[in-house]
Amino acid sequence: MNARKTLKEAKRIVIKFGTNVVTKESGDIAIGRIYTIIEDIAELHSQGKEILIVSSGAVGMGRKTINMDSKTKTLPLMQACAAIGQARLMYLYEEGFDKLSISIAQVLLTEEDFTDRKRYLNLRSTLNTLLEYKIIPIINQNDVVSTSELEPIAASEDRKVNFGDNDKLSALVMSKLDADLLILLTDVDGLYNCNPKINSEAEIIQHVEKITPELENLCDDCNLNRSRGGMKSKLEAVKVAVNSGGKAIIANGKTLNIIKDIFDEKPLGTIFLPVKHLSSKKRWIAYATTVNGGLIVNDGAKNAVINKNASLLPAGVVSIKSTFSVGDVVSIIDEKGNEFARGITNYSSEDSHKLIGFHSDKIEQVLSYKKYDTIISRDNIVILDK
């Protein structure tokens with residue numbers, strides 16, 4: 001079946017607006033463009049579809065309001081711009097949707113809303129309740145108190161933050177809410193088979209069944225002037241979406257009636273097909289939480305984890321990276337340095353280091369206590385697609 005024909009079947013849809021869709025080149029709000037998209041979303045809403053919007057643009061709007069030089073990027077000033085711009089952003093959506101008798105709600109998120117599993121589950125409940133009452137959530141990262149998007153360098157080799165831009169945030173929302181479709185609206189027509197800026201013969205890739213290393217190499221991340229996520233960021237978001245059992249589309253939000261045309265099966269943008277469907281807990285482990293440190297394992301342990309659905313035993317661990325606590329999500333890495341899985345650790349980095357190479361029956365002797373036979377239980381391990 002043509003993948004585009006199935007888009008009309010999508011019940012729950014997450015739509016992400018990039019900064020360059022929300023604003024013009026001058027930094028002013030693109031009111032006409034946004035209102036056209038709002039009208040198309042209202043039509044989907046009238047059909048009984050559940051819509052969630054993830055919108056960038058607050059910092060850009062705030063910068064424009066106070067005439068801040070685009071080269072000035074001190075953190076306090078960027079956060080002040082976010083506070084100013086978020087109010088303007090929500091007024092834009094409130095006014096547009098109110099004219100069509102649709103209610104909206106503002107949802108501002110921080111990294112901790114995903115890292116902490118209790119807050120993560122509460123978020124799901126809140127969003128589901130809003131959708132039950134036919135309210136469209138307008139979601140953004142809370143840049144006023146969170147710096148993970150304004151300062152993406154917060155991550156390190158051993159610590160991977162769960163999101164650093166709204167592309168990934170939109171995919172996490174989709175994954176958490178079991179949505180059917182993620183639409184990433186940007187200012188390019190889709191994923192090209194080569195760089196269109198240097199090759200006039202570049203063509204849009206119409207559909208993608210599997211994200212391969214070769215495909216990822218096409219997405220060298222060249223950030224746009226006013227946005228913080230490039231094509232590489234969008235492909236990372238797509239990987240979350242398709243591994244959660246949904247479809248994803250990257251399309252040009254500046255194209256008139258782009259939402260309507262997508263659901264009219266017009267060949268616009270790049271559509272990505274679902275790969276598999278992880279459980280809610282395993283999606284949280286793989287994508288939603290911050291990864292603290294890692295475990296280097298030998299080939300035998302790697303084979304057992306990947307091919308035998310086995311737990312990770314102390315005997316298979318070669319070394320420890322960074323520090324972590326009991327219950328943290330950590331990377332599981334082979335001896336060549338490749339992260340192939342993630343999991344929730346049963347022991348701290350300090351105790352795990354003491355257990356390296358020992359059989360499980362020696363745990364109590366080494367630590368003077370024993371809670372688990374495994375460093376990570378198999379039910380808490382997720383194999384990553386590379």
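Worth saying up front: this structure is predicted, and the values here are computed from it rather than measured.
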Residues 306-315, side-chain donor-acceptor partners within the protein, below 3.5 Å, at least two apart:
| unit_1 | atom_1 | unit_2 | atom_2 | d |
| --- | --- | --- | --- | --- |
| Asn307 | ND2 | Asn303 | OD1 | 2.5 |
| Ser311 | OG | Arg378 | N | 2.9 |

Nearest heavy-atom pair of [X] and [Y]: which atoms, and what distance?
X: Ile332; Y: Arg342; value: CD1-C, 4.3 Å
X: Gln141; Y: Leu108; value: O-CD2, 4.5 Å
X: Val291; Y: Ser331; value: CG1-OG, 3.3 Å
X: Thr19; Y: Ser56; value: OG1-CB, 3.4 Å

If you round to the nearest 0.5 Å, how far is [atom2] of [Y] from [atom1] of [X]?
X: Phe263; Y: Ile183; atom1: CZ; atom2: CD1; result: 4.5 Å
X: Leu256; Y: Asp261; atom1: CG; atom2: CG; result: 8.0 Å
X: Gln79; Y: Thr74; atom1: CD; atom2: OG1; result: 9.5 Å

- Angle class for the Trp284/Tyr120 ring planes (parallel below 30°, perpendicular above 60°, tilted otherwise)? tilted

Can you sort out the partners of [X] under salt bridge (Lys or Arg N to Asp or Glu O under 4.0 Å), two or more places apart, ordered by chain and number?
X: Asp40; result: none
X: Arg33; result: none
X: Lys49; result: none
X: Lys302; result: Asp334

- Item | Nonpolar side-chain network containing Val326, other nodes, edges under 4.5 Å | none

I'd like to check the side chain to side chain donor-acceptor pair (under 3.5 Å) partners of [X]; sequence neighbours left out, ordered by chain and number.
X: Lys371; answer: none
X: Lys362; answer: none
X: Asp373; answer: Lys370
X: Tyr369; answer: Asp351

- Scan residues 83-107 for pairs that pass side-chain hydrogen bond (donor to acceptor under 3.5 Å, both in side chains), counting only residues two or more places apart or in two chains. Tyr35-Glu95, Ser55-Tyr93, Thr65-Arg88, Gln86-Gln106, Gln86-Asn140, Tyr91-Glu95

- Item | Electrostatic pair Arg119:Asp113 at N-O distance under 4.0 angstrom | yes

- Item | Cationic N near anionic O, under 4.0 Å, Arg4 to Glu265 | no

- Query: Would you call Thr345 and Ile375 a side-chain contact if the rule is heavy atoms closer than 4.5 Å?
  - Reply: yes

- Message: Tell me which pairs pass salt bridge (Lys or Arg N to Asp or Glu O under 4.0 Å) where either residue lies in residues 311-320, with sequence neighbours left out.
- Response: none

- Task: Would you indicate whether Gln47, at its atom CD, is surrounded by more than 12 heavy atoms from other residues, nucleotides or ligands within a distance under 6.0 Å?
- Result: yes

- Task: Is it possible for you to say whether Ile259 and Ile102 belong to one hydrophobic cluster, with membership spreading through side-chain heavy-atom contacts below 4.5 Å?
- Result: yes

- Result of checking Lys232, Lys16, Lys239 against Asp167 for salt bridge (charged side-chain N to carboxylate O under 4.0 Å, His left out): Lys16

